[in-house]
Number of protein chains: 2
Amino acid sequence: MAGVSTQTVSRVINDRPDVSPQTRANVKKVILDLGYSPNTIARSLSRGRTNTLGVVGFGLKYFGPSSVLTGIERKANELGFSIILTLCEQFEGGDTDQVLLQLSAQQVEGIIWAIPGFIDSLDPSRMVKEKLTIPIVYLNRDCLNSSVVVSMDNRSGGYIATEHLFEQGYHKIGIITGPKTWWEANERLIGWREVMREKNFTDIDDLIFEGNWEAESGDRGFQTLKSKNPDLDAIFVSNDQMSLGVIHAANRMGISIPDKFGIVGFDDLPESSFYIPPLSTVKQDAKKLGALAVTRLVEWIESESDQECDTQEKNLVSPELIIRQSSVREKALISHT
Amino acid sequence: MAGVSTQTVSRVINDRPDVSPQTRANVKKVILDLGYSPNTIARSLSRGRTNTLGVVGFGLKYFGPSSVLTGIERKANELGFSIILTLCEQFEGGDTDQVLLQLSAQQVEGIIWAIPGFIDSLDPSRMVKEKLTIPIVYLNRDCLNSSVVVSMDNRSGGYIATEHLFEQGYHKIGIITGPKTWWEANERLIGWREVMREKNFTDIDDLIFEGNWEAESGDRGFQTLKSKNPDLDAIFVSNDQMSLGVIHAANRMGISIPDKFGIVGFDDLPESSFYIPPLSTVKQDAKKLGALAVTRLVEWIESESDQECDTQEKNLVSPELIIRQSSVREKALISHT
DNA sequence: CAAATGGGACCCCTTCCTACG
DNA sequence: ACGTAGGAAGGGGTCCCATTT
């Protein structure tokens, strides 16, 4: 190029051995002077590796998905991968195939499918998936076909939350779930169901309210459940936002928490400890989840061995119960009616 | 390749005119059969255009940045651009240069610098900026050098919030700001100051508390301000999370909102209408902000004319005051939203 | 001289291979 | 033989230009 040679430069840039020290130093200086930076695009083309990952997400409206994305980005960066981000906020059926194809055309080396699992699935069609040879790691969903899935253990989350409420002396525990089309919502429901079965509850349908993740539906849920079950004295709420709605409604109706009514949420938003009363909740470490997904994906990519992933792996990350005031009856210092 | 010709294929793929209908149809069929998709990388290399934008963000912990990113992604997608995402959560000085260089090496056509403005800046060094010829649009920051900036009008947000509190009959209004190193925090403070000056307040330093955006600091801020100013009867809080902390503290101290104390927040989180009482707040349409940034950036890119951007443009997006109960003294009609 | 096609250089790197000291 | 440097061939497209009817 400028100083001395042509693709000795390449050797210098990639730290290859066979360049004499002085040449190397020389080239480096010229590079610096020129502010030269290698064209990654061209490199990718010739090397056949892009060091790029595709991430398909479902909007960043909620705290969880945002944290997951943060975890993904941080880890990818750490491992030397760039992220191409695509968001699918709406359910435009079949559209998902398009996204996958596009990402594939961009030569990403792997894809993280961070769209929450749905019953009436928003999945890429099998046809496209089979045509694509790119590794895909799925996040927070069921593990249907042979595929690698990384999930929060929502079921056990539901279980420990409900169990905790019983332990605190509450007797009849309802649940406000997320939309039942969501896999995560269902898993949390199943966890709750398990406890209820152990406690020999039958006929529990009236204890279930399907919310929509928004605070407003928690409010409605509380009213509905309480009117159907006057003796209801606690609810496991499937996320913290709806929990806020529940607190709101209880407050309006003069039902004091946690004395008369217990609540455990799910997520552990940063502000959950500042609700009134501070919310007990199941904490998901979403960043860790995202990081784990990347780790798995990169492992897969690096294991050049084209061992197709029949592994049908499922990696579960355990949530943790955070106990605050909304579910702890004895000696509750608050109570401001 | 397979069927008939070589880069007549190129013409077909790019919908060029000079291909006979039957050839076109033929080629299309073969493409479909083969499941062929053009290698975007190679195309970029030869076309010299990548249709890719780099986005540098500052973590997705808060609702605002997440919404901005959503807005960016949606708009970019709409305009046919992909997004390469980089997150800088920590202040590793000089590190930002690295990010910029990396993005430049990846041949992005433009960059959105979505790191909030700081006094002790986390900016790319001037050196690097000058070396780079890529268009950069900055988000939510001051407009120092000649550069294109898209911002929320934080100052007017602070102004209308404070003014509203006075109008509601509160007499002495404090402020809980964000960290004073943040440009946004300062702007909101300036808006508040303007109103205070108009109302002939002097000696207002004791009415200012510097929070850290977290709920916990709102709690502390309330206590501090209230103890310094027993007659304080309202606060403009620079975000909704800290507002929650304020509500929390007021509640604990038995100070009723809005009767004895008024609060206006900033952001309009989805759950703000479910605080107790529902929070009045300054709503920022962050998605719109993100979309606007992309629009500007793409305009700049497309205006191939290498007219350097001495424009020193500043695009302000106006926030909107949402009045709920936390700031409305007289018999409030109860309605959320 | 239209419209439809193919030839070849080129984008910017990397890698293999050869030639030099 | 050995360490070092350069030549040439792609990688998968696009574009300009020449060629065919």
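In the text below, chain A, chain B and the rest are named by the order of the sequence lines, each starting its count at 1.
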Rounded to the Å, how far apart are [X] [atom1] and [N] [atom2]?
| X | N | atom1 | atom2 | answer |
| --- | --- | --- | --- | --- |
| A:Asn51 | C:dT14 | CG | C1' | 14 Å |
| B:Ile41 | C:dT14 | CD1 | P | 14 Å |
| A:Asp15 | C:dT15 | CG | P | 13 Å |
| A:Leu45 | C:dC12 | CG | P | 12 Å |
| A:Asn26 | D:dT4 | CG | P | 15 Å |
| B:Asn39 | D:dG12 | CG | C1' | 6 Å |
| A:Arg24 | D:dG3 | CZ | P | 14 Å |
| A:Gln107 | D:dG11 | CD | P | 14 Å |

Given C:dG6, C:dT14, D:dA5, the nucleotide with the shortest approach to the side chain of A:Arg43
C:dT14
Measure from the side-chain heavy atoms of B:Thr23 and tell me the nearest of D:dA5, C:dC12, C:dA4.
C:dA4
Short side-chain N/O contact from [X] to OP1 or OP2 of [N], under 4.0 Å:
| X | N | result |
| --- | --- | --- |
| B:Thr8 | C:dG6 | yes |
| A:Arg16 | D:dA5 | no |
| A:Tyr36 | C:dC13 | yes |
| A:Asn14 | C:dT14 | yes |
| B:Ser20 | C:dA4 | no |

Where do B:Gln106 and A:Ser82 land on the side-chain hydrogen bond (donor to acceptor under 3.5 Å, both in side chains) test, with the steps shown first?
CA-CA 10 Å; B:Gln106 295 182 278; A:Ser82 290; 2.9 Å; yes
Of B:Gln22 and A:Ser37, the one whose nearest nucleotide on DNA chain C sits closer to the 5' end is B:Gln22
B:Arg47 or A:Ser46, whichever maps to the more 5' nucleotide of DNA chain D
A:Ser46
Which residue, B:Ala42 or B:Arg11, contacts DNA chain D at a nucleotide closer to its 5' end, judged by nearest heavy atom?
B:Ala42
Would you call [X] and [Y] a salt bridge, using N to O less than 4.0 angstrom?
| X | Y | value |
| --- | --- | --- |
| A:Glu302 | A:Arg49 | yes |
| A:Asp15 | A:Arg24 | yes |
| B:Lys287 | B:Glu73 | no |

Determine whether the aromatic ring centres of B:Phe58 and B:Trp182 lie less than 6.0 Å apart.
yes
